[in-house]
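What follows is a set of notes on a single structure, which appears directly below.
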Amino acid sequence: MAATALRRRLSWQLATVEAISRETHRVRRIHLALPGWPGHRPGQHVDVRLTAEDGYTAQRSYSIASAPSHSGVDLIVERLDDGEVSPYLTEVLQPGDQLELRGPIGGYFVWPEHRTEPVQLIAGGSGVVPFLAMIAHHQSTHSTTPLSLLYSVRSEHELIGCPELAPRPGLEVTVTYTRTAPPGWVGPTGRLDRSKLERHLVGTERHPAIFVCGSTPFVETVATGLLALGYPSSSVKTERYGGTGDRT
């Protein structure tokens, strides 16, 4: 039975685009319908494959942005100017089109079910996407686990997941703008460093589970800061995306 389920997750299937919405000028949210979807855990990802008329294929991985209780699967895709897949997904794809997809994939960077101690999420840029699934799941299950997000983003025009990040009981969201802050902003600005981590994270005495997602430089900077502040490496899970990128 387990082998059959694994083969199903790793087999390519056709997903139909039901809706596409704009997150930012470079980012789109794509809602997909998958008749044979086996369900997923918040934090998992899928592979998407595009095939050209000459048979050339390009494949990329995208985190799932929706909670397991959500019908279908939401992907959030940022257009990269030199990308092979993202320009098509963000500029060409239309409702009714189909995509080849397989998954869900991954079991390490996922929401810790049945946890009572706090969960601390730390995101850089589009690294917030898997956390949107965790936050939506936290809400849909009426979880009492304390949940906090520290989100580093360049400007308010590049914020992803505004519906999920709206204020509500049980969720604390702190945003730091690294390039341009909104008029009248009184919150933190600038990139995450040790002092910001110390000021805005759940304290070590509360033994939080920590998830960090972003570009490689961002993740390395945050992980180094966490260890310096005394958070045990066993409590920190990281996920990197893309190439070298920047520190957001």
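Because the structure is a prediction, the values reported are computed rather than measured.
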Short side-chain to backbone donor-acceptor contact, His138 and Thr145, under 3.5 Å: yes
Between OH on residue Tyr241 and OG1 on residue Thr216, distance to nearest 0.5 Å: 9.0 Å
4.5 Å side-chain heavy-atom contact, Pro130 and Pro42: no
Within-4.5 Å side-chain heavy-atom neighbours: Glu156 and Pro183: yes
From CA spacing to verdict: side-chain contact (heavy atoms from CB on, under 4.5 Å), Leu99, Leu50: CA-CA 7 Å; Leu99 292 174; Leu50 301 181; 3.7 Å; yes
Side-chain donor or acceptor of Thr90 paired with backbone N/O of Val27 under 3.5 Å: no
Heavy-atom closest contact (Ala58 atom, Val85 atom, distance): CB-CG2, 3.8 Å
Non-neighbouring partners of Tyr151 that pass ring pair (Phe, Tyr, Trp, His ring centres under 6.0 Å), sequence neighbours left out: none
Worked check of side-chain contact (heavy atoms from CB on, under 4.5 Å) between Arg102 and Gln13: CA-CA 6 Å; Arg102 68 178 177 184; Gln13 60 178 303; over 6 Å; no
Distance in Å, Leu32 CG paired with Thr16 OG1, rounded so as to fall on 0.5 Å steps: 8.5 Å
Nonpolar side-chain network containing Leu14, other nodes, edges under 4.5 Å: none
Salt-bridge present (Arg79, Glu91; N to O < 4.0 Å): yes
Connected via hydrophobic side-chain network under 4.5 Å: Leu121 and Ile160: yes
Straight-line distance of Ser155 OG to Glu158 CD, nearest 0.5 Å: 4.5 Å
4.5 Å side-chain heavy-atom contact, Asp47 and Leu101: no
Shared hydrophobic cluster for Leu132 and Val119 (ILVMFWY, side-chain gaps under 4.5 Å): yes
Pair Arg60 + Glu84: basic N to acidic O under 4.0 Å: yes
Co-membership, hydrophobic cluster, residues Val153 and Phe211, 4.5 Å side-chain: yes
Leu149-Phe109 co-clustered via ILVMFWY side chain contacts under 4.5 Å: yes
Side-chain heavy atoms of Val77 within contact of Ile30, under 4.5 Å: yes
Polar side-chain atom of Gln44 near backbone of Arg41 as donor-acceptor pair, under 3.5 Å: yes
Backbone N/O of Thr24 and side chain of Arg28: donor-acceptor pair under 3.5 Å: yes
Check ion pair Arg199-Asp193 (N to O, under 4.0 angstrom): no
From NE2 (His200) to CD (Glu172), nearest 0.5 Å: 10.0 Å
Closest contact, heavy atoms only, Val92 versus Asp97: O-OD2, 4.4 Å
Evaluation steps, side-chain contact (heavy atoms from CB on, under 4.5 Å), between Gln139 and Glu164: CA-CA 9 Å; Gln139 182 175 20; Glu164 289 87 351; over 6 Å; no
Pair listing, salt bridge (Lys or Arg N to Asp or Glu O under 4.0 Å) test, anchored in residues 114-134, at least two apart: Arg115-Glu117
Any donor-acceptor pair under 3.5 Å from Ser235 side chain to Pro232 backbone: yes
Any pair counted as salt bridge (Lys or Arg N to Asp or Glu O under 4.0 Å), so long as it reaches residues 119-136, sequence neighbours left out: none
Test item: Glu23 side-chain N/O and Gly161 main-chain N/O as donor-acceptor pair under 3.5 Å: yes
Shortest non-hydrogen contact between Arg26 and Asp81, atoms and distance: NH2-OD1, 3.5 Å
Worked verdict on Glu100 versus Thr51 for side-chain contact (heavy atoms from CB on, under 4.5 Å): CA-CA 9 Å; Glu100 283 189 290; Thr51 303; 3.5 Å; yes
Side-chain touch Leu150/Gln120, heavy atoms, less than 4.5 angstrom: yes
Main-chain N/O of Val212 paired to Lys237 side chain as donor or acceptor, under 3.5 Å: no
Over all atoms of both residues, closest heavy-atom pair of Pro208 and Tyr231: CG-CE2, 4.0 Å
Considering all heavy atoms, the nearest Thr176-Lys196 contact: OG1-CE, 4.0 Å
Distance (rounded to the nearest 0.5 Å) between Ile210 CD1 and Thr204 OG1: 9.0 Å
Transitive ILVMFWY cluster of Val202, excluding itself - 4.5 Å side-chain cut-off: none
Cluster check Tyr177, Val128: I/L/V/M/F/W/Y, side chain < 4.5 angstrom: yes
Side chain to side chain, Ser233 and Val236, heavy atoms closer than 4.5 Å: no
Any side-chain heavy-atom pair of Ser61 and Val46 under 4.5 Å: no
Pairwise distance CD1(Ile76) to CG(Leu89) - rounded to 0.5 angstrom: 13.0 Å
Where Val175 and Trp185 come nearest, the two heavy atoms and their spacing: O-CZ2, 3.2 Å
Sub-4.5 Å side-chain heavy-atom contact between Pro95 and Glu18: no
Sequence neighbours excluded and cut-off under 3.5 Å, please list the side-chain donor-acceptor pairs for residues 62-72, or say none.
| unit_1 | atom_1 | unit_2 | atom_2 | d |
| --- | --- | --- | --- | --- |
| Ser66 | OG | Asp74 | N | 3.0 |
| Ser69 | OG | Ser140 | OG | 3.4 |

